[in-house]
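The structure under discussion appears below in the form of structure tokens.
So that the names make sense, note that chain A is the first sequence line, chain B the second, and so on, each numbered from 1.
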Amino acid sequence: MQYYLLIPFLPFAAFLINILFGRSFIKDKAHWVAILAVGGSWVVSVATLVDVLSGKTLNENLYTWILSGGFKVSVGFLIDQLTTVMLIVVTTCSTLIHIYSAGYMHGDKGYYRFFSYLSLFTFCMLMLVMANNFLQLYFGWEGVGLCSYFLIGYYFNKKSASDAGKKAFIVNRFGDFGFGLGIIVIFLTFGTVYYAPVFSQAGAFAAKTVNFLGYDVHLMTLVALLLFCGSIGKSAQMPLHVWLPDAMEGPTPVSALIHAATMVTAGVFLVARCNPIFSLSETALTVVALTGAITSLFAATIGLVQNDLKRIIAYSTVSQLGYMFLACGVGAYTAGIFHLYTHAFFKALLFLCAGSVMHAMAGELDIQKMGGLKKYMPVTYLTMLIASFSIAGVPGLAGFFSKDEILWLAYSSPNPTGKVVWLIGTFVAFLTAFYSFRLIFLTFHGTFRGTHEQEHHLHESPKSMTVPLMLLCVGAVASGWVGIPHLLGGGAHFTEFMKPVLGHPEGHGTHAEEWMVMGISVAVGFSGIGLAYYMYMVRKELPARLAAQFSGVYKVLFNKYYVDELYSFILIRPTIWIAKNVLIGITDAKIIEAIVNGVPAAIGGFSSQLRRIQTGRLHHYATIMATGILIIVAWMLLR
Amino acid sequence: MQFLMPDIRPLVPEIVMTVLALAILLADLVIKRKETLATLSIICVVLVASTFSGSLGTSFGGMFLSDGYSMFFKIVFILNVILTVLISVKYIGVEKVNFGEYYGLILFSTLGMMIMASAGDLIVLYLGLELMALSTYILAGFIRHDIRSNEAAIKYFLLGAFASAFLLYGTSMIYGLTGTTNLAAISEYIKQHGLTGNPLLTLSMVFLVIAFSFKIAAVPFHMWTPDAYEGAPTSITAFMSVGPKAAGFAVMGRVLLYALYPIKPMWTSVLIPVAILTMGVGNIVAISQTNIKRMLAYSSIAHAGYALLGVIAGTADGLASMMTYLLIYAFMNIGAFAVIIMLRSEGFKGDMISDYEGLWHTHPGAASLMIVFMFSLTGIPPTAGFMGKFYLFASAVSAGYMWLVIVAVIFSAISAYFYLRIVMFMCMREPRQTVALSISPSISLALAITLAGVIVIGVLPAQVVNLARIAFP
Amino acid sequence: MVPLNWYLMLSAAVFTIGVFGFLTRRNIIIMFMSIELMLNAVNISLVSFSHYLKDMRGVILVFFIVTVAAAEAAIGLAIIIALFRNKTTANVDEMNEMKG
Amino acid sequence: MLPKLFFGYFAVVITVLSLLVVTRRNPVHSVMWMLLMFFNIASMYLFLNAEFIAAIQVIVYAGAILVLFLFVVLLLNLREELQTNRFIGSWPAGLIIAAALLASIGFAVSSFVPGFSGKYTTGYIQRETFTKVLGQVLYTEYLFPFEIASLILLISIIGAIVLAKRRTRS
Amino acid sequence: MEQVIANSLGFPVLSTLIFLPLAGAVLLLLIPRAQEGLIKIVALFASIAAFIISLPLFTGFDKSTHVMQFVERHEWIPAWNINYSLGLDGISILFVLLSTLVTILCVLISWNSVKTKTKEFYISLLIVEGAMIGVFCALDFFLFYIFWEAMLIPMYLLIGVWGGPNRVYAAIKFFLFTLVGSVLMLVGIIVLYLYSGRTFDIVELSTRVYPYQMQLWLFWAFFAAFAVKVPMFPVHTWLPDAHTEAPTAGSVILAAILIKMGAYGFLRFSLPLLPDASKAMTPVMLVLSVIAIIYGGVICLAQTDLKRLIAYSSVSHMGFVTLGIFALNMQGMEGGILQMVNHGIVTGALFLSVGIIYDRTHTRQIADYGGVATVMPLYASLFIVFTLASIGLPSTNGFIGEFLIILGGFTSNQWAGLLAATGIIIGAGYMLWLYQRVFFMEPGPKVAGLSDMDARELITLLPMVALIFWIGIYPDTFLGFMHKSVEHLIERVNTGGMHGPAVARSIIEVIK
């Protein structure tokens, strides 16, 4: 089953070819290279899936990467159920988005650059999910971060774009700081960083406490939380979520692939991957659950009032990611991954549709300036509508099944936080439905509110873009069907499939409760849609009134709770101020340099004083000589 | 009563020197081209040097000791003469003092040094010292028409006479206390009659040390040095900065480690503060100098301070290191003066540091040589200066003067500042006026010799070190 | 019989008087003469030493000292004369062309 | 008793004269006082039966050196010399230093212990006559220093000529 | 097992490496200064030849032992028992290779940028190379000191003559700073020499046992020299000036090789000779290192001068190195050594790159740049590689080094590891900000119409790129050299032991 190596290295090859020969030779043919490569690795992934379905898994090392004393780590690959799911998600989305981009980016001057980055990203993402040890995971982790840096800042002539890229990278570094320490602690605990031995031995350390920075802490909690720091950064959870909305500066396919379908879900993947560790720490799980819940609520509320097409979807992404963590937090890793898997499709779809809209609107993103687009771009409208239904949790669609499973498992989990997060989750489901359809209605319904030339320019996107939309749409509809719960007579195949890796939490609850939970979630979904319809189709003046009435709340929400401002106020500005005024201004200049230059200056001054003794007058010379003699004589005689 | 002829073999070099010096004085009357005299005097000293081998031994009942110690110093003196004469040839012409006596006096002064180095008796020591000193006074004032030269001479002379009065007083007291003037006998007597604590002996020791310190220009008896060095003809400055200094060290080593060794604690406790002061004042005052001759005067004071470490150490290694250092110092210092002299030409004094601005751009060769000498004076490897310093410091530490050595290295680090300043002026400033170098074959030869000395000793010091070590059993 | 120390005291006195003169007199020639005083002081002690120690070295040294003194005088005065040629003063404190 | 008296006389006179030498305003007077002082020293040498030294003290010192001084003194214009004050401004410093030096030397001298005594007893010298003895020692033991002394005189001549003789450079 | 392995290459490879550049310098001396072209060619060939000669070291090195290899030994100054002895072990070999490589690049990068006194420039450059190699090869403490100091002279000229506007100040500062440190080390060396019965042989010295008190004194004496060169926190201020004012080649040499000597000194002398003192002083060193990491990093955030920023980043990165070394465990120390090489490559490359653009714009102010990526895409793409390597992105060399260091540091002291890790965040901050300000956004007036790199410049940078990824992806090639030597060193440090108070007493006589 060696062919699995093709999965990551085909895209890598594509990257090399494009980056080296793109500018001079390949130019606008770049997409062929990329699409073929990624498509190839999709094919191989499917083949792998087949293998894994037939029960084959694989864990082997390629070569020793770092060896130093007791520390040994290889470049190695682990292919099991979890990996395969991720492979499918990544390669599928990647392939479709590559195709989409071929149309979307057509004629851009950095065409080859775009595709090489995209392929590089795919490579890194695949390395991430296929790693069999933490360090290689970290490699992919940082790699995808880098690619997102490149792709967010793709239009680097725009300051905002380059800012956003930088921001994304640095914010992630904060998370990775913890992640890295986590890896180190793991090594110091287990003496290795390979998954297999670590997870198998984890149980032995369940009760162990260690001294960390002078405090005795529960080892597994420590490890889990350190790793979770990484997830927080990568998956844009509170308080490190700030980079994701800005990341929308990147081209839309990028937002779709990286900031919706794949990269941002790596955090969830990490938690799921490390479930043996997380499961050993009640505290850690609670933290994960609450973080997820709060983030999803928080993001959803912001999403209510934004007007930027992509940012709304971005916040919904943040919120959905929170959902996944919520799931993991209550021990429902399967549900988390399931949601990850379905979410990938409908969220990517949403973004691509948004992209298609932008394409039509010539880059316009303000939904207040849109409206009534459905007659110009039916395909986009339809697909986006379906995606929104899916995210709103309309029964039968992908989103419904995953969301429902999460809510049910949260509700039924023994964990006391379960009920709390279930409540939050349900409420968020309502909000999600609301803002998703606010988006739909404002964009596609009603009358066009843009300028005339925009109106003339409106058109449906080319095939290369719409075809992927339709394909993803299929996903958005059907991807959930692999996980239909027993309650609805389904086989819950997904859960079964994942069991070997993620185990399965037994829901303590009656069918009645399960029905109730499902019912509530469906209800809130529809009520959300209804409310949106009421506010934006029936009483169009209502939103403005509300905004005016609760202007305080509105401002806070509209300005994303001022988190960015907070950071720049407590973190960035002080640091630079200190650097300028304390370190350079005082320590270096006033203290060290003062000494460094002061001593020679003092000596020099002393010198020019001392030389005045040499008056040139013979008598003074004689006197000094005689005095010297006298002093020496006296001293020698008196001692 | 019978008159027994003493064994004169040990004196052959001195005798040859005397005869040839007189011959040159006479030759001055017939020879009109004074350059010939220069050649002659070089031949003369080379002849003298050739007689060194096999002149080992003592004579006149221990008044005259011709041992490895004196031999090493004599080599330094001979070297000093050769280099001085080489750099003088063109220069004294420029200064319009192209008289034959110049060479004669240099030779006589050197003869005085040689006698000092070999003196085994305080009387001989005194006379040798006066012979050297008097000739040097004359040479210092050799440019009669230059007020600065006169002034240099008068200051040097009066203070020198003052100092030698103290030397005499000390000598007389020692004579009175021991009833002898023979160095070996003195130490014998002190040991036997337990004079070590005697205040009068201490006093006379102090007076002797003072006189020697004056010759080696140690603080606070250095006051004459800057003025004399600045005012004297540059070639003579070079001569003075090496010869009399070395001679002073020779007698100091001889007297303190032969005659007065029994009271070593006494004289070390005099010399240590003197050494620190010498290094300190020399290095620090040199920083703020504007005249390069004057700067080198202070630098030579500082170097006397370093060399004193060797005497203070008072071990065989100590003296050997002191001797090695003086030899090395001869090379690097006269080298520097050779470069200075090249800048002196009709109507251009060229002894201000500012005259060196951009020299590296106008005359790379000369400047590069200066750079080498400056770094050697600083003591940066792979130049000889470093080897010398290392040997001094090593022997001082092994004699147990760690802290003194730390002081010394700090000062030598400070000294880097003003030596680098010259380099900086030459390399990192733009030339202001175009300086015409007065290059002559003789001076080129001098530079070649000094450079070779600085580099070769810097890279392969083994031979020199051995020579110095065997010199002092 | 006069104790030797008396002679030594005398010589010390003369010596320091010489020192005093050298340190304080303006006139260069008198400074020079003070040095001669110091030499004479030394001579006194030397002569008395060799008298009391029944040894000739002292007087021998005196003999040489006198010789050297003569030579010194000749050279010193020559230098002074050379100086007068360029600068007619015997006041040493006016000789500070070089300082610092 | 008598020698003590004589010594006392010489001591007083010599000290006073030397003080006069260094304190007179007029250089000529100083020279004169010095002359007188040399005679006293010479005669004191006689009491230490060193008649030859006494002789050269008179002949060389008084006769040669002082005359030389006198010549030079007469070279400079005394008038100007008589206007300016004789001491430098800070003469008390010199006085203090000299006094302190005297004190310390005196202290040191007080601890004098004579070294070993040689064979030239007073009797022997009186028998052989001082000059002869001196000559013998000088030309046998001290031949070498004697030669050096001759060279010193030689260079002093050269030096005097080089520095003092008016000449057009060859 | 014998102490050393004699040179088996059939020719005295290390001597050749040291003296070939010097010979080149002499050859240059003979060429009339008019023929600049010829001078450059000769210099280039000399450096390339040195590099080629150094390759056999790479292949012929026996990784299975810690003892010195390629050893040459001749009597030099028998009177002082000083020998001319050279040799390499796993710690030093990489730096020799790095030196020979970097010199080539320096010659290339100066090709057009040095216009005045070309001849002297290349002479100085070659002398520096010889001295650098000597420092890393010397097995005799005295010889080491000779090379160590000898380097100052040409370096002083390189900075002072061909440097920027404030070059003189920088040059003198550099010289005096280093000299003051070195002379104190000299005293230390002398004491060591006398105590050990007059030997300078490093291999032998590092097997002796020295009394603890003496070790402490010597440690600080050596510290004075090494910490200044590294440079560690309180004595770092010469570096920004020197780096900023030096010509490109000078900065590259400084960054790539010269400041490594300090850390190398710690490894070669402080640790093996003074194991107990080093152990005792570890806390101090760790604190200083951490301060350097954060201090240097934060200061970079406020820099407006391109070279100055990179200079301060060197302070930060060298903080990592010292941290790793004084973690006193395998990971830390190997990480430290590797990081020395990495920093040499990366910062060297960064200075080369800065030189490339400085030749075009003649400004170092970051504010004057912006939008360079638009006009010089190739340059931009190489520069980002160096940037990423400098912020330690996995698959670049920086990651391997920094990860191992933090791992080691965390092992020996959790706070040290933790705080050091923050340095990585800060690093990302200032480097990416720098990159943004220089390369992104719309081209400014000074930048518009710049030509992209030419072949020569490309060739200068490519080796660095290759090395960055080589070390990043397959570091074993380089780590492999170190294992044995580092193991041995750590063992020495741990079993240093302070036996024999008797000796301790005797040393008191030696010192005071």
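Put simply, of D:L153, D:L134, D:I148, D:L154, the one with the most heavy-atom pairs under 4.5 Å next to chain C is D:L134. Taking D:A99, D:G94, D:G115 one by one and counting their heavy-atom pairs under 4.5 Å with chain C, the maximum is reached by D:G94. With respect to chain C, the highest number of heavy-atom pairs below 4.5 Å among D:L2, D:L66, D:N49 belongs to D:N49. Among D:V60, D:I56, D:V31, D:L138, the residue with the largest count of heavy-atom pairs under 4.5 Å with chain C is D:L138. Of the listed residues (C:V14, C:V66, C:D55), the one with the most heavy-atom contacts under 4.5 Å to chain D is C:V66. Per-residue counts of heavy-atom pairs under 4.5 Å with chain C were compared for D:S18, D:G159, D:P3, D:A11; the largest is that of D:S18. With chain D as the partner, the residue from C:V19, C:L8, C:L23, C:I60 showing the most heavy-atom pairs under 4.5 Å is C:I60. Counting heavy-atom pairs closer than 4.5 Å to chain D, the top-ranked of the candidates C:G76, C:S50, C:A69 is C:A69. Of all the listed residues (C:L4, C:V68, C:I44), the one sharing the greatest number of non-hydrogen pairs under 4.5 Å with chain D is C:I44. Between chain C and the options D:S150, D:A93, D:A98, the largest number of non-hydrogen pairs under 4.5 Å is found for D:A98. Listed options C:M33, C:E72, C:M9 were ranked by heavy-atom pairs under 4.5 angstrom with chain D; first place goes to C:M33.
Heavy atoms of D:I152 lying under 4.5 Å from chain C belong to its backbone as well as its side chain. Contacts between D:I53 and chain C at a heavy-atom distance below 4.5 Å involve the side chain alone, from C-beta outward. Only the side chain of D:I105 comes within less than 4.5 Å of a heavy atom of chain C; its backbone N, CA, C and O stay farther away. Residue contact with chain C, scored on non-hydrogen atoms closer than 4.5 Å, involves the side chain of D:F52 exclusively. Heavy-atom distances place no part of D:A64 under 4.5 Å from chain C, backbone and side chain included. For D:V72, the parts lying near chain C are the backbone and the side chain together; criterion is any non-hydrogen pair under 4.5 Å. Heavy atoms closer than 4.5 Å to chain D are found in the side chain of C:I81, but not in its backbone. Residue D:I41 touches chain C through its side chain alone, counting heavy-atom pairs closer than 4.5 Å. Only the side chain of D:F38 comes within less than 4.5 Å of a heavy atom in chain C; its backbone stays farther off. D:I97 touches chain C through its side chain: at least one heavy atom from C-beta onward sits under 4.5 Å away, while N, CA, C and O do not. D:K4 touches chain C through backbone and side chain together, each having a heavy atom under 4.5 Å away. D:I125 touches chain C through its side chain: at least one heavy atom from C-beta onward sits under 4.5 Å away, while N, CA, C and O do not. Proximity to chain C involves both the backbone and the side chain of D:F69, based on heavy atoms less than 4.5 angstrom apart.
Note: D:F87 and C:F20 have tilted aromatic rings, judged against thresholds of 30 and 60 degrees for the angle between ring planes.
When all heavy atoms of C:T67 and D:A149 are compared, the closest pair comes out as CG2-CB, 4.3 Å. The heavy-atom pair separating D:S156 from C:A74 by the smallest distance is CB-CB, 4.4 Å. Scanning all heavy atoms of the two residues, the minimum distance from C:R25 to D:T23 falls at NH1-C, 3.3 Å. Taking all atoms of both residues into account, the shortest heavy-atom contact from C:L53 to D:P114 is CD2-CB, 3.9 Å. Counting all heavy atoms, side chain and backbone alike, D:P27 lies closest to C:I30 at CA-CD1, 4.0 Å.
Rounding to the nearest 0.5 angstrom, the gap separating the CG atom in D:L163 from the CG atom in C:L77 is 11.5 Å. Note that OH of D:Y142 is 8.5 Å distant from CZ of C:F64, once rounded to the nearest 0.5 Å. The CZ atom of D:F112 lies 13.5 Å from the OH atom of C:Y7; values are rounded to the nearest 0.5 Å. Taking CG of C:N40 as the start and CD of D:Q57 as the end, the distance is 5.0 Å to the nearest 0.5 Å. Taking CG from C:L37 and OG from D:S30, the interatomic distance works out to 9.5 Å, rounded to the nearest 0.5 Å. Atom CG of C:N27 sits about 11.5 Å away from atom CZ of D:R25, to the nearest 0.5 Å.
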For D:F47 and C:V2: C-alpha separation, side-chain torsions, deciding distance, then whether side chain to side chain contact (heavy atoms under 4.5 Å, CB included) applies.
CA-CA 11 Å; D:F47 280 81; C:V2 185; over 6 Å; no
Criterion side chain to side chain contact (heavy atoms under 4.5 Å, CB included) on D:Y61 and C:E36, from CA distance to verdict:
CA-CA 9 Å; D:Y61 252 126; C:E36 296 298 339; 3.3 Å; yes
In sequence, state the C-alpha distance, the side-chain angles, and the governing distance for C:M56 and D:F130, and then conclude on side chain to side chain contact (heavy atoms under 4.5 Å, CB included).
CA-CA 10 Å; C:M56 291 308 278; D:F130 181 82; 3.8 Å; yes
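Enclosure of atom OH in D:Y124 by more than 12 non-hydrogen atoms of other residues, nucleotides or ligands within 6.0 angstrom is indicated. Atom CZ of D:F116 has more than 12 neighbouring heavy atoms from other residues, nucleotides or ligands inside a 6.0 Å radius.
Using a 4.5 Å heavy-atom threshold, the side chains of C:I17 and D:T15 count as touching.
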